[in-house]
Amino acid sequence: MLDARGAVVPAVIHWGADLGPLTDTQLDTLADSRVRVVGPSAADAPIRLGLVPLLSDGWTGLPALEGATLSLSEVESVDTGVRVTLTGVGMTLVVELLLDAHGVLHARNRLTNTDAEPWALASLATVLPLPPVAQERLDFTGVWAAERQPQRASIQHGTALRESRHGRNGHDDAYLTVAGTPGFGFRHGEVWAMHLGWSGDKRTWIDRSAVGLTTIAAGELLAPGEIRLAQGDEYVSPWVYAAWSDAGLDGLSSRFHGMFRSLPAHPSSSRPLTLNTWEAVYFEQDLARLGALADLAAGVGVERLVLDDGWMTGRTDDRRALGDWTVDPARWPDGLGPLIERVRGAGMQFGLWVEPEMVSLDSALAREHPDWVLGDTRSWRHQFVLDLANDAAREHVRDALLALLDEYPIDYLKWDMNRDQLGGWVHDQVLATYRLMDELRAAHPDLEIESCSSGGGRIDAGVLARAQRVWPSDTNDAHDRQAIMRFTSLLVPLEYLGAHVGSAPAHTTGRSQSLSFRFATALFGHAGIEWDLAAATPDELAALTVWATAYKQLRGLLHSGDIVRGDDVGDPIVTGVVAADRSEAVFVIACLETPRESVRLTRRLPGLDPAVEYRVSVVDVGATPATYAGIPPAWVAEGITLTGAVLGAVGLEPPLLQPDEALVVRLVALERS
Ligand code: DGJ
């Protein structure tokens, strides 16, 4: 609710619960009641937290824009929101606020230099007020192979600032900034959240000021001098996405998932069961080995094979050949055609790994165009950043990739990006990368793109305006994956989240987990396999076939329903997907710890229709989870019929699952009572 009365900069006066229909008089009274009192030792006029909080308006918290004074020029109703035009000395700032059908606010700033003198933009963010009941904050951190670890703290005076200076989101990406009522959980509490749709440097913060105001904010982080605006130049910020819910974090997921599912680029087809070749063969590529792998993959029910890193000329390890996007004649003497024919002949799609933003110094590209290698002196995985903001460089890579897409029927690009960009060029580079993706998809409209960045280093709504999948992490260790998927899916729906069954032991952690746990974990996402199937036993291949069938039966529900997560404290943890009409659901009950009691504790299954009876049965995922000795609950063998009210308020007692085991259950509604 925006108070846009009078000639002052409009102010957000309420962002939260629906206040019902209000008369003009009631609206006026509400807006008047939001005028703050003047405290002791303060400016004589009340502080007004305008749409663009500025020091010049008396705002002493972190400002939206440094060093500006703004006054209102115009407020226009547009589409599903408003466009506010503000004017300052030498600048015009247009703030766009759109509320989508899912209750997500899309906010963007467009700043134009109207001065004859060029000037550098230091920062520009979207800042929204938080009410005093927001006492606790949540955001995310992480490292390679352990992305999106939640961290919570109480909101105190001062600024809780998270920045990415990686030139990409990074493994420690704050991802989603959340504030809420004390103790908010997945299913309870009032929460406010912000996400920046941008794949470069960024800042997001929660600021509580001693003047009694709290703000939540996000914006692009700009390097000194990175954005220099000449007269008439415009800086267009990335979109900020903000949502509120009084139903905890699941309520936020519901809104954000609705938003992602409405994107034009949202994948429209069933998410094909995928085999990615990376952990199967690494750089050891040839037709005999990959052809045999493709045959085995087709045999277990794989629908898309992705040839990972190692197919390009001279790319025998990670020290060379990035930038040379031609097929290696040494390992692929007849090109990729014979493999692709085998893959497609077996009814599978074909995907190819690329890393278009990067260049190895040991490459024909770097030797021919050393000036296209950006001047970041720190080598990182032996590679450097290619200056895609240079049109000639971008067009070179684009044409090389288009040549591949024209020559071969390639359905999918796994688009990797394996280093930080430690320079002041990130803004232009991110836009050039988006442009390159858009150009390829414009030429090949059915082409799908996966956003991968050393695992989960680039997941955001900016890249997802043009990508159909993300790779949440390089770890296929199912124990660590449980948490990564739980929190990555807070923002992004499961159909985008690659989830692969790896071999045991896991290549990242060296830990071994049972097939049943690896199966159950990889089911809740866009499922795939990352395993040299030539080394799998006949029993394992048979089990994979059953699992593949289960995925295909469940994916319609998994990729369209509402994600729900149990709030019951401790282990086991419960994650489910409930159909929009609540006629069916699938849950996974996962045990990550050694039990502290001699039984596994009863778990509630949330999100169901309380008035409906559900038939609960165990899903055969291809392998049976290991249990401790004892007598399992009868429902595991026989199934059970309980109402949604009982399942939500009382729950089910799980079997005596060993640590790192999980049970998948399916619920089908019987007739409504
Ligand atoms: C990092 C990715 O996250 C992996 O999945 C794999 O594609 C390698 N790069 C290949 O170099």
Side-chain angles (χ1 to χ4, degrees), residues 142-148 166-173 199 274-285 290 293 304-325 328 331 350-360 362-363 379-386 401 410 412-421 433 448-460 463 467-478 480-481 484-485 488 496-503 506-509 522 525-532:
V143 292
W144 175 78
E147 295 88 340
R148 282 165 296 287
H166 299 287
R168 55 176 168 170
N169 313 54
H171 297 106
D172 62 349
D173 185 19
S199 310
T274 296
L275 183 135
N276 189 61
T277 64
W278 180 240
E279 289 194 354
V281 301
Y282 292 104
F283 292 102
E284 310 282 311
Q285 295 190 2
L290 270 302
L293 184 60
R304 173 185 283 164
L305 183 133
V306 181
L307 184 64
D308 208 290
D309 194 358
W311 57 269
M312 308 96 71
T313 306
R315 180 77 172 166
T316 48
D317 60 25
D318 63 8
R319 294 177 169 257
R320 63 205 85 246
L322 287 179
D324 297 346
W325 303 109
D328 188 8
R331 280 168 298 167
F350 181 76
L352 192 65
W353 176 94
V354 291
E355 196 175 359
E357 298 145 83
M358 294 293 150
V359 56
S360 312
D362 184 2
S363 66
S379 169
W380 183 305
R381 206 195 187 204
H382 319 289
Q383 64 193 55
F384 290 82
V385 181
L386 187 69
L401 296 176
I410 295 171
Y412 174 87
L413 291 179
K414 176 178 177 180
W415 189 298
D416 210 342
M417 196 275 209
N418 284 304
R419 63 159 296 161
D420 282 4
Q421 304 188 65
T433 302
E448 292 196 4
I449 293 178
E450 173 179 31
S451 170
C452 172
S453 185
S454 323
R458 179 156 67 187
I459 302 178
D460 64 84
V463 77
Q468 288 66 44
R469 195 189 208 233
V470 296
W471 184 228
S473 179
D474 266 348
T475 192
N476 296 310
D477 175 307
D480 289 343
R481 265 295 178 130
I484 293 167
M485 299 302 283
T488 307
Y496 283 103
L497 308 184
H500 293 179
V501 175
S503 54
H507 291 207
T508 46
T509 60
H526 174 182
I529 298 170
E530 189 120 358
W531 182 350
D532 183 5

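Whatever order the structure lists ligands and atoms in, that order sets their numbers, starting from 1.
Taking 4.0 Å as the cut-off, Met417 does not count as a neighbour of ligand 1 on heavy-atom distance. Using a non-hydrogen distance threshold of 4.0 Å, Glu355 does not register as a contact of ligand 1.
Residue Trp278 has no nitrogen or oxygen atom sitting less than 3.5 Å from a nitrogen or oxygen atom of ligand 1, judged on distance alone. Geometrically, ligand 1 and Arg315 share no nitrogen or oxygen pair separated by less than 3.5 Å.
Although no hydrogens or angles enter the test, the distance criterion places no donor-acceptor pair under 3.5 Å between the side chain of Ser451 and the main chain of Ile459. No side-chain donor-acceptor contact under 3.5 Å links Arg419 to the backbone of Met358.
Nearest to atom 6 (C) of ligand 1 among the protein's heavy atoms is Asp308 OD1, 3.4 Å. The closest protein non-hydrogen atom to atom 9 (N) of ligand 1 is Asp416 OD2, 2.7 Å. The protein heavy-atom contact nearest to atom 4 (C) of ligand 1 is Asp474 OD1, 3.4 Å.
Against a heavy-atom cut-off of under 4.0 Å, Cys452 is close to the following atoms of ligand 1: 2 (C), 3 (O). Ligand-side atoms of ligand 1 in range of Lys414: 4 (C), 5 (O), 6 (C), 7 (O), range being under 4.0 angstrom from any heavy atom. Residue Gly455 has at least one heavy-atom neighbour below 4.0 Å for each of these atoms of ligand 1: 3 (O). If you number the atoms of ligand 1 from 1 as listed, the ones under 4.0 Å from a heavy atom of Asp309 come out as 10 (C), 11 (O).
Counting heavy atoms under 4.0 Å from ligand 1, residue Asn276 does not touch it at all. With a 4.0 Å heavy-atom cut-off, ligand 1 is reached by the backbone of Ser454 but not by any atom from C-beta on.
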Test side-chain hydrogen bond (donor to acceptor under 3.5 Å, both in side chains) on Arg458 and Ser199 and set out the steps. CA-CA 6 Å; Arg458 179 156 67 187; Ser199 310; 4.9 Å; no
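For Thr508 against Asn476, the heavy-atom pair with the smallest separation is OG1-N, 4.2 Å.
Between Glu450 and Arg304 there is no salt bridge, since no side-chain nitrogen of the basic residue lies less than 4.0 Å from a carboxylate oxygen of the acidic one.
Note: Tyr496 and Trp471 fail the aromatic proximity criterion, with ring centroids not under 6.0 Å apart.
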